[in-house]
Amino acid sequence: MKKTLTFSLLAAALFSAGLAQAQIKVGVTVSATGPAASLGIPEKNTFAVMPKTIAGKTVEYIVLDDASDTTTAVKNARKLTAEDKVDIIIGSSVTPNALAMIDVAAETETPVISLAASSRIIDPMDAKRRWVFKTPQNDSHMASAVTGHMADAGIKNIAFIGFNDAYGSGWSDEMVKFAALRGLKIVASERFARNDTSVTGQILKIMATNPDAVLIAGSGTPAALPQKALKERGYKGKIYQTHGVANPDFLRVCGKDCEGTFLPAGPILVASQLPASNPIRKVALDYIGKYEKAFGAGSFSTFGGHAWDSGLVLEKAIPVALKAGQPGTKQFRAALRDAIEKTTDLTVSHGVINMTPNDHLGFDQRARVMVEVKSGTWKLIGDAK
């Protein structure tokens with residue numbers, strides 16, 4: 001009896017070890033609370049509708065909240081790699097957090113798919129960034145679209161107000177570059193913090209320059225603050241936002257003050273308005289259907305779409321990586337990194353991905369459209385230039 005029991009325990013232990021080896025662990029850190037919660041909540045929710053098996057392997061999503069805080073994001077990344085032994089990390093939601101996580105990715109040789117926008121996360125490519133990928137469109141993609149729309153509208157002078165962090169700095173740099181290419185003059189440049197409650201001083205300085213248009217480079221609900229201040233002060237020019245506001249919470253907080261706002265966005269934002277011939281439409285509507293079945297009609301956002309797209313990348317890369325090693329090993333992580341970098345012709349909810357060793361995003365112009373806020377909702381107004 002004792003020998004039988006010992007054999008049974010050994011068999012159970014070996015079986016459990018086999019299951020652990022077969023399981024793919026995906027670590028996630030998102031900003032589900034704090035100033036960026038309107039980005040992080042739909043991202044967090046999306047992992048609840050992600051596939052639980054890929055290539056015959058079970059997938060465990062270990063989801064942590066970094067509370068929109070850079071230090072917490074780094075702590076989460078270290079916990080996921082050191083304690084949970086994840087094969088890949090997805091996150092974080094905002095640029096400062098994502099930039100801070102690059103060192104962890106490189107030190108632990110763990111691939112990361114960022115859900116933040118700045119091109120600085122993956123550019124310039126170097127020994128550390130070779131472990132990092134992203135699914136949101138670069139700020140350079142969107143700055144080109146914004147300035148193209150401005151030029152077509154006859155705008156000459158523009159003012160800028162953005163976050164006083166890496167997101168705002170990235171957008172400021174891109175706007176300087178593309179404004180010069182489009183013959184636009186930047187007459188004012190101001191900054192504000194994500195948790196500010198007033199931007200009156202900055203808005204007064206902007207209005208003193210009498211710009212034809214104002215670009216607000218913020219994300220989530222905090223980006224509504226400068227817009228509401230402009231309206232309160234009677235500003236009559238055109239107002240532009242970035243793709244960082246493309247969610248229902250921004251519209252709710254901004255309300256009537258956002259009517260007539262222009263912004264570049266991923267095509268998922270207006271998926272039902274895309275032509276039937278657009279391949280992105282089908283993928284985007286598939287995600288929207290799954291998300292809204294779980295969380296209610298009208299609840300999806302483009303930020304959840306970025307998380308969904310990271311899952312589509314994994315679905316394509318994991319079968320390839322499994323040929324080189326088993327989950328939980330250094331060999332598998334390295335092979336997964338290599339497989340992600342070779343992603344080509346993958347249609348996701350925001351565009352079509354064609355990555356290279358020097359481009360860890362892989363989007364082209366199909367990944368953006370121009371949108372206007374009309375009657376409290378998003379209206380497609382054409383392809384971005």
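All heavy atoms count here, side chains included; hydrogens, waters and symmetry mates do not. Because the structure is predicted, anything quoted here is derived from the model rather than measured.
- Residues forming a ring-ring contact (aromatic ring centres under 6.0 Å, His included) with Tyr291 (at least two apart in sequence, or on another chain): Tyr287, Phe295.
- Asn354 and Thr344 are not linked by any side-chain donor-acceptor pair at a separation below 3.5 angstrom, with hydrogens and angles left out of the test.
- A donor-acceptor contact shorter than 3.5 Å links the side chain of Arg281 to the backbone of Leu274.
- Between Lys330 and Glu109, at least one side-chain nitrogen of the basic residue sits less than 4.0 Å from a carboxylate oxygen of the acidic one, meeting the salt-bridge criterion.
- With no hydrogens or angles considered, no side-chain donor-acceptor pair links Asp309 and Thr135 at under 3.5 Å.
- One side chain, Glu43 or Ser93, offers a donor N or O that lies under 3.5 Å from an acceptor on the other.
- Among pairs with a residue in residues 193-262, those fulfilling disulfide (SG to SG under 2.5 Å) read Cys254-Cys258, at least two apart in sequence or across chains.
- Note on residues 269-280: no pairs pass side chain to side chain donor-acceptor pair (under 3.5 Å), not counting sequence neighbours.
- Between Lys231 and Glu259 there is no salt bridge, since none of the side-chain N atoms of the basic residue sits less than 4.0 Å from a carboxylate O of the acidic one.
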Next item on the list: Mind running salt bridge (Lys or Arg N to Asp or Glu O under 4.0 Å) on Arg129 and Asp123 for me, showing each step along the way?
Entry: CA-CA 7 Å; Arg129 287 179 173 85; Asp123 184 46; over 6 Å; no

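- Aromatic ring orientation, His243 versus Tyr167: tilted (interplanar angle from 30° to 60°).
- Between Lys228 and Glu232 there is no salt bridge, since no side-chain nitrogen of the basic residue lies less than 4.0 Å from a carboxylate oxygen of the acidic one.
- Residues that satisfy the salt bridge (charged side-chain N to carboxylate O under 4.0 Å, His left out) test with Asp103, not counting sequence neighbours, are Lys128.
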Taking only distance into account, with no hydrogens and no angle test, what donor-acceptor pairs under 3.5 Å do side-chain atoms of residues 189-196 form with protein atoms, sequence neighbours excluded?
from, atom 1, to, atom 2, distance (Å)
Arg191, NH1, Ser169, OG, 3.4
Arg194, NE, Asp165, OD2, 2.6
Arg194, NH1, Ser219, OG, 3.2
Arg194, NH2, Asp165, OD2, 3.2
Asp196, OD2, Ala193, N, 2.9

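- Summarising the geometry, atom CD1 belonging to Ile24 is positioned 6.0 Å from atom CD1 belonging to Ile54; distances are rounded to the nearest 0.5 Å.
- For the salt bridge (Lys or Arg N to Asp or Glu O under 4.0 Å) condition, the pairs that include at least one residue of residues 286-303, sequence neighbours left out, are Asp286-Lys290.
- Crowding of Lys238 atom NZ: a count of heavy atoms from other residues, nucleotides or ligands under 6.0 Å not exceeding 12.
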